[in-house]
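This report concerns only the one structure given below.
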Amino acid sequence: MATVNGVDLAEPYDRAKAVKQFDESKIGVKGLVDSCIQKIPPFFVHPSETLSDLKTRSASETEIPTVDLSGVESPDCRPAIVDQIRRAASTLGFFQIINHGIATEVLDRTTASLKAFHEQPTESKSRVYRREMGTGVSFMSNVDLYQSKAASWRDTLQIRLGPRLADVDEIPEICRDQVIEWDRHMVRLGEILMGLLSEGLGLNTEALKKMTCYEGRVMVGHYYPFCPQPDLTVGLTSHADPGVLTVLLQDSVGGLQVRTREGWLDVKPVPGALVINIGDLLQMISNEEYKSVDHRVLANGSGEPRVSVAVFYNPSARENLFGPLPELTSAEKPARYRSFTLNEFMTRFFSKQLDGKSLSNYFRQ
């Protein structure tokens with residue numbers, strides 16, 4: 001019977017057993033690739049309805065807006081920047097930012113350090129291979145491996161940044177300094193973006209900051225290695241991010257797509273840019289003034305691995321009630337969601353597989 005590092009690749013097979021064997025092997029998708037497999041294990045194969053929707057059309061520059069933040073502190077330039085972000089957040093839910101104050105060298109250093117982590121031998125990575133986040137650091141393949149209909153072709157290093165940084169000794173040494181440095185930039189940038197988004201809603205600059213919306217931060221370093229059958233799986237299934245806001249650093253390989261009325265659009269890498277997208281929680285807080293949209297990552301058929309670093313922003317006040325802000329509701333536009341605590345919200349998110357907009361719909365009234 002054919003096996004790779006204890007993972008049974010023969011057919012027919014027990015799917016639940018195969019998934020468990022893969023998880024317990026701690027090799028991740030990178031380990032499967034290193035074993036020179038020619039076919040992906042069956043539990044990575046997605047259903048026909050997913051695979052038939054993998055067609056794309058390329059986005060033009062106007063469809064995925066790029067916002068220049070170089071004048072963000074200027075009273076003359078800031079209103080135009082707020083308007084650009086407001087329009088992007090209220091329509092597509094995605095935009096890219098340039099001149100954000102983070103040097104190209106820092107961007108390159110960050111992606112290189114996460115790439116280096118994932119390309120270590122299995123025994124070096126397995127020390128932090130786990131599905132719980134008690135230490136604030138977790139390496140795994142597919143956060144929803146046991147819940148999803150099919151696994152996706154990627155590995156992930158997840159690190160809690162705030163409100164309390166993960167145990168520093170648990171952060172892999174190969175990327176530790178870069179992760180801590182990246183968080184410093186994400187605190188500064190998070191405050192800037194929350195201010196601009198608050199103003200775009202007609203609120204005080206400090207509105208989202210006072211709701212602790214950027215204090216809870218989790219970083220994920222995704223690694224998408226070459227896939228021998230990219231037409232049978234995906235790198236990341238279609239989903240909407242649950243939190244307030246996501247800041248994404250992606251390399252030049254590409255593969256990220258966003259769903260629009262016209263179909264799936266490529267979010268093409270822009271040198272030096274960061275990708276920003278609205279999460280479900282901000283859609284709900286804004287009473288749908290801002291839009292959270294589905295997005296996905298295609299399986300990587302290129303010879304070069306794809307690396308991305310995402311930081312998810314969430315409130316740190318988990319027991320506070322959240323829902324549409326009173327300033328954004330009226331008789332003409334009543335609150336479209338009920339109130340809830342962040343604990344309830346995240347419990348609901350982690351109790352299901354990643355599958356699009358059902359999370360926000362659950363709290364709709």
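Values below: all heavy atoms of this structure, side chains included; hydrogens, waters and symmetry mates excluded.
- The minimum heavy-atom distance between L54 and P230, with the atom names listed, is CD1-O, 4.4 Å.
- Remark: D251 engages V253, R306, V307 in a side chain to side chain contact (heavy atoms under 4.5 Å, CB included) (not counting sequence neighbours).
- At most 12 heavy atoms of other shown residues, nucleotides or ligands fall within 6.0 angstrom of atom NZ in K20.
- In terms of the side-chain hydrogen bond (donor to acceptor under 3.5 Å, both in side chains) criterion, S126 has no residue partners (sequence neighbours excluded).
- Every side chain to side chain contact (heavy atoms under 4.5 Å, CB included) that D83 has, sequence neighbours left out, goes to R86, R87.
- In this structure, the side chain to side chain contact (heavy atoms under 4.5 Å, CB included) partners of T329, at least two apart in sequence or on a different chain, are N287, P324, A335.
- Tracing side-chain contacts under 4.5 Å through hydrophobic residues (I, L, V, M, F, W, Y), one reaches Y362 starting from I278; they form part of the same cluster.
- Within the structure, the salt bridge (Lys or Arg N to Asp or Glu O under 4.0 Å) test picks out the following pairs touching residues 188-198 (sequence neighbours left out): E191-K209.
- R296 and Q257 share a side-chain donor-acceptor pair at under 3.5 Å.
- Using bins of under 30°, 30° to 60° and over 60° for the plane-to-plane angle, the ring pair F139/F117 lands in the perpendicular bin.
- Listed here is the closest heavy atom pair of Y290 and L197: OH-O, 2.7 Å.
- Other residues, nucleotides and ligands contribute over 12 non-hydrogen atoms within 6.0 Å of the CZ atom of R364.
- With sequence neighbours excluded, the residues that form a salt bridge (charged side-chain N to carboxylate O under 4.0 Å, His left out) with K30 are D34.
- Considering V311, L114, V106, L107 as possible partners of L249, the one that fulfils the side-chain contact (heavy atoms from CB on, under 4.5 Å) test is L107.
- A tilted orientation is assigned to the rings of F363 and F345, their planes being inclined by 30° to 60°.
- Listed by chain and residue number, S70, N99 satisfy the side-chain hydrogen bond (donor to acceptor under 3.5 Å, both in side chains) test with D68 (two or more places apart in sequence, or in another chain).
- A donor-acceptor contact shorter than 3.5 Å is absent between the side chain of T156 and the backbone of Q158.
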Does H222 form a side chain to side chain donor-acceptor pair (under 3.5 Å) with S308? I'd like the steps, not just the answer.
CA-CA 5 Å; H222 289 312; S308 68; 5.2 Å; no
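- Considering only heavy atoms from C-beta on, K291 stays 4.5 Å or farther from T91 through its side chain.
- Cluster membership for I102 and V270, using ILVMFWY side-chain heavy atoms within less than 4.5 angstrom, is not shared.
- The shortest side-chain heavy-atom distance between L298 and L256 does not fall under the 4.5 Å cut-off.
- Taking hydrophobic clusters as Ile, Leu, Val, Met, Phe, Trp and Tyr residues chained together by side-chain heavy-atom distances below 4.5 Å, M186 shares a cluster with I180.
- A donor-acceptor distance shorter than 3.5 angstrom exists from the side chain of R130 to the backbone of V137, with no hydrogens or angles considered.
- Within the structure, salt bridge (Lys or Arg N to Asp or Glu O under 4.0 Å) contacts touching residues 95-116 (residues at least two apart or in different chains) are R109-E181, K115-E119.
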Dump the intermediate steps for side chain to side chain donor-acceptor pair (under 3.5 Å) on Y313 and E215, then the final yes or no.
CA-CA 7 Å; Y313 292 87; E215 292 182 9; over 6 Å; no
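- Under the rule for a side-chain hydrogen bond (donor to acceptor under 3.5 Å, both in side chains), the partners of E319 that lie at least two apart in sequence or sit in another chain are N343.
- Remark: R131 pairs with D23, Y129, M140, L145, Y146 by the side chain to side chain contact (heavy atoms under 4.5 Å, CB included) rule, at least two apart or across chains.
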Residue pair F22, F44: steps toward the ring pair (Phe, Tyr, Trp, His ring centres under 6.0 Å) verdict:
CA-CA 11 Å; F22 168 71; F44 282 95; 5.6 Å; yes
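- Evaluation of the salt bridge (Lys or Arg N to Asp or Glu O under 4.0 Å) test over residues 252-261, restricted to residues two or more places apart or in two chains, returns R259-D294.
- A salt bridge does not link R176 to E170: none of the charged side-chain nitrogens sits closer than 4.0 Å to a carboxylate oxygen.
- N204 contributes a side-chain N or O that, together with a main-chain N or O of E206, makes up a donor-acceptor pair within less than 3.5 Å.
- Listed by chain and number, the residues in a side-chain hydrogen bond (donor to acceptor under 3.5 Å, both in side chains) with N314 amount to none (sequence neighbours excluded).
- The shortest heavy-atom contact between T246 and A310 is CG2-CB, 4.2 Å.
- Screening D241, V267, L248 against H295 for a side-chain contact (heavy atoms from CB on, under 4.5 Å) leaves a single residue, D241.
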Derivation of the ring pair (Phe, Tyr, Trp, His ring centres under 6.0 Å) call for W153 and Y224
CA-CA 6 Å; W153 203 254; Y224 303 87; over 10 Å; no
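- Defined by atom type and a distance below 3.5 Å, a donor-acceptor pair is missing between the side-chain atoms of T135 and D167.
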If you apply the rule side chain to side chain donor-acceptor pair (under 3.5 Å), what do you find for E199 with T205, and how did you get there?
CA-CA 5 Å; E199 291 175 35; T205 306; 2.8 Å; yes
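- In E173, the CD atom is not crowded: 12 or fewer heavy atoms of neighbouring residues, nucleotides or ligands sit closer than 6.0 Å.
- A distance-only check finds a donor-acceptor pair linking the side chain of S148 to the backbone of D144 [under 3.5 Å].
- Side-chain atoms of Q96 never come within 3.5 Å of backbone atoms of V275 as a donor-acceptor pair (strictly under, hydrogens ignored).
- Between L281 and P242 there is no side-chain heavy-atom pair separated by less than 4.5 Å.
- In this structure, R15 forms no cation-pi arrangement with F43, as its terminal cationic atom is not both closer than 6.0 Å to the ring centre and no more than 45° off the ring axis.
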